[in-house]
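Right, one structure below, let's go through it.
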There are 2 protein chains.
Amino acid sequence: MDIRTLCLGLLTLRESSGYEIKKAFESELAPFYEASFGSIYPALGRLTEEGLVSRTEQAQEKRPDKKVYRITSAGRLAFLDALAEPPSRDRTRSDFLAILLFADLLPARHLAGLIDERLAAHQSAARQIKSELAATLPAGRRFVLGHALALYEAAIAYVEENRHLVESEALLAKAGPGSGSGSGSGRLTAP
Amino acid sequence: MDIRTLCLGLLTLRESSGYEIKKAFESELAPFYEASFGSIYPALGRLTEEGLVSRTEQAQEKRPDKKVYRITSAGRLAFLDALAEPPSRDRTRSDFLAILLFADLLPARHLAGLIDERLAAHQSAARQIKSELAATLPAGRRFVLGHALALYEAAIAYVEENRHLVESEALLAKAGPGSGSGSGSGRLTAP
DNA sequence: GAAACCATGTAAGTTGTTACATGATTGG
DNA sequence: CCAATCATGTAACAACTTACATGGTTTC
């Protein structure tokens, strides 16, 4: 799903300026999409040309005119079509995991620092989602926020329980065959 | 971390042809990176020019010469430098979650189909990771595989427990305020 | 007999980011 | 007083992907 389509989708929720669309990417669509102004403004321009959104300008003193975009009925239909398409599979890129794959090339204290930072970041993200979940929310939003929270919490738990795998110098070269550890909870090898 | 650097990293594990690097992306670096031939071959060419890898050609009958790449000591140093850089934050894009955010625009049976497919895909991915974890593995690889497994399992559990949020027509318009549901386990609202 | 695997590479195209250009207002 | 917020846009650049080009071999 490209930025253009996502802008259209966000405009089904409420009318917005480009600036507000950016913020919507950072709340509604975080943490599973992001977009910069450099892609949002051209996308809104194209949607306007295509008649999928309409634009009204609100003059403002001492600021550039605010341009408010509203989705048109053609836009709604187009967005429904896009939603009906089979979703392409998730794509993730994680420097953190790439680095940890090569853990044996790095000193344990460096890894410990990286892991501490990651845990702190995830804990703060989880806390923020929890506070958002306290409000009344549309079902889709609630589902998606809860999903993000569940993944953050799983990642935190996993990293806390298994960081010893990459932090013990003695174990860096190799680890014994897994004891199965069926359900992903608990340590993957003895400490 | 760009494809070029990741190729270099994979070559610290073993010497490989471009074709084998592609497969390594699909095993070692899955599911948190991917790359096509169109980026791998040029990356290997550039690394060779820069002296970070060496290339030897193995003539083969009835096939293009196989070109085997080996990392050089300059290459090892360069990769260590890259690993020491602070990791950029994870970026995920998920059409599935984007679609679910707009669940109220879609019929419940369509959503049910999407969710069934996602569960099947995640279950199969989890099964495959479990079988890989049965072998003896370097610590970094084990950590990273276990991480992927933990996230798949958390996603499966969450979706199974909360799909009712988006599948009950009656609840589509809005959901009540959360009962907190502190630790992400359990349902977010009553069924 | 079709699909997947082996094996390399290029060119064109997509999609997006970063930096540039500009500048007032508000909150800590 | 410094950072963040509000507000829009363009141009240059980066990084990939897809499709094209080629073709034997192995497995179901």
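Numbered from 1 within each chain, the chains take letters A, B, ... in sequence-line order. The shown structure was predicted, so the numbers you read here are calculated from the model rather than taken from an experiment.
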For [X], report the nucleic acid contact type (base, sugar-phosphate, nothing); a contact means any heavy atom under 4.0 Å.
| X | value |
| --- | --- |
| Tyr69(A) | sugar-phosphate |
| Arg91(B) | nothing |
| Arg93(A) | sugar-phosphate |
| Gly18(A) | sugar-phosphate |

Among [options], which is the nearest nucleotide to the side chain of [X]?
| X | options | answer |
| --- | --- | --- |
| Asp2(B) | dT17(D), dC16(D), dT8(D) | dC16(D) |
| Lys66(A) | dG9(C), dT8(D), dG16(C) | dT8(D) |
| Lys23(B) | dT8(D), dC16(D), dC6(C) | dC6(C) |
| Arg55(B) | dT8(D), dT18(D), dG9(C) | dG9(C) |
| Tyr19(A) | dA7(D), dT18(D), dG9(D) | dA7(D) |

Spacing between [X] atom [atom1] and [N] atom [atom2], to the nearest angstrom:
| X | N | atom1 | atom2 | value |
| --- | --- | --- | --- | --- |
| Tyr41(B) | dT22(D) | OH | P | 17 Å |
| Phe25(B) | dA15(D) | CZ | P | 14 Å |
| Arg89(A) | dT17(D) | CZ | P | 10 Å |
| Tyr33(B) | dC16(D) | OH | C1' | 13 Å |
| Gln60(B) | dT26(D) | CD | P | 12 Å |
| Glu20(A) | dA7(D) | CD | P | 7 Å |
| Lys67(A) | dC6(D) | NZ | P | 19 Å |
| Ile21(A) | dT8(D) | CD1 | C1' | 14 Å |

Query raised in the report: Would you call Leu133(B) and Arg142(B) a side-chain contact if the rule is heavy atoms closer than 4.5 Å?
Result: yes
**Report entry** 5' precedence on DNA chain D between Arg46(B) and Phe37(B) (nearest-nucleotide basis)
**Finding:** Arg46(B)
Is there a path of hydrophobic side-chain contacts, each under 4.5 Å between heavy atoms of I, L, V, M, F, W or Y residues, that connects [X] with [Y]?
| X | Y | result |
| --- | --- | --- |
| Phe143(A) | Leu151(A) | no |
| Ile71(A) | Val68(A) | no |
| Leu47(B) | Leu6(B) | yes |

Requested in this report: For dT17(C), take OP1 and OP2 only and decide whether either is under 4.0 Å from a side-chain N or O of Ser39(A).
Outcome: yes
Report task. Quick one: do Arg163(B) and Leu119(B) satisfy side chain to side chain contact (heavy atoms under 4.5 Å, CB included)? Show the steps, please. Result -> CA-CA 11 Å; Arg163(B) 57 187 299 174; Leu119(B) 284 174; 3.7 Å; yes
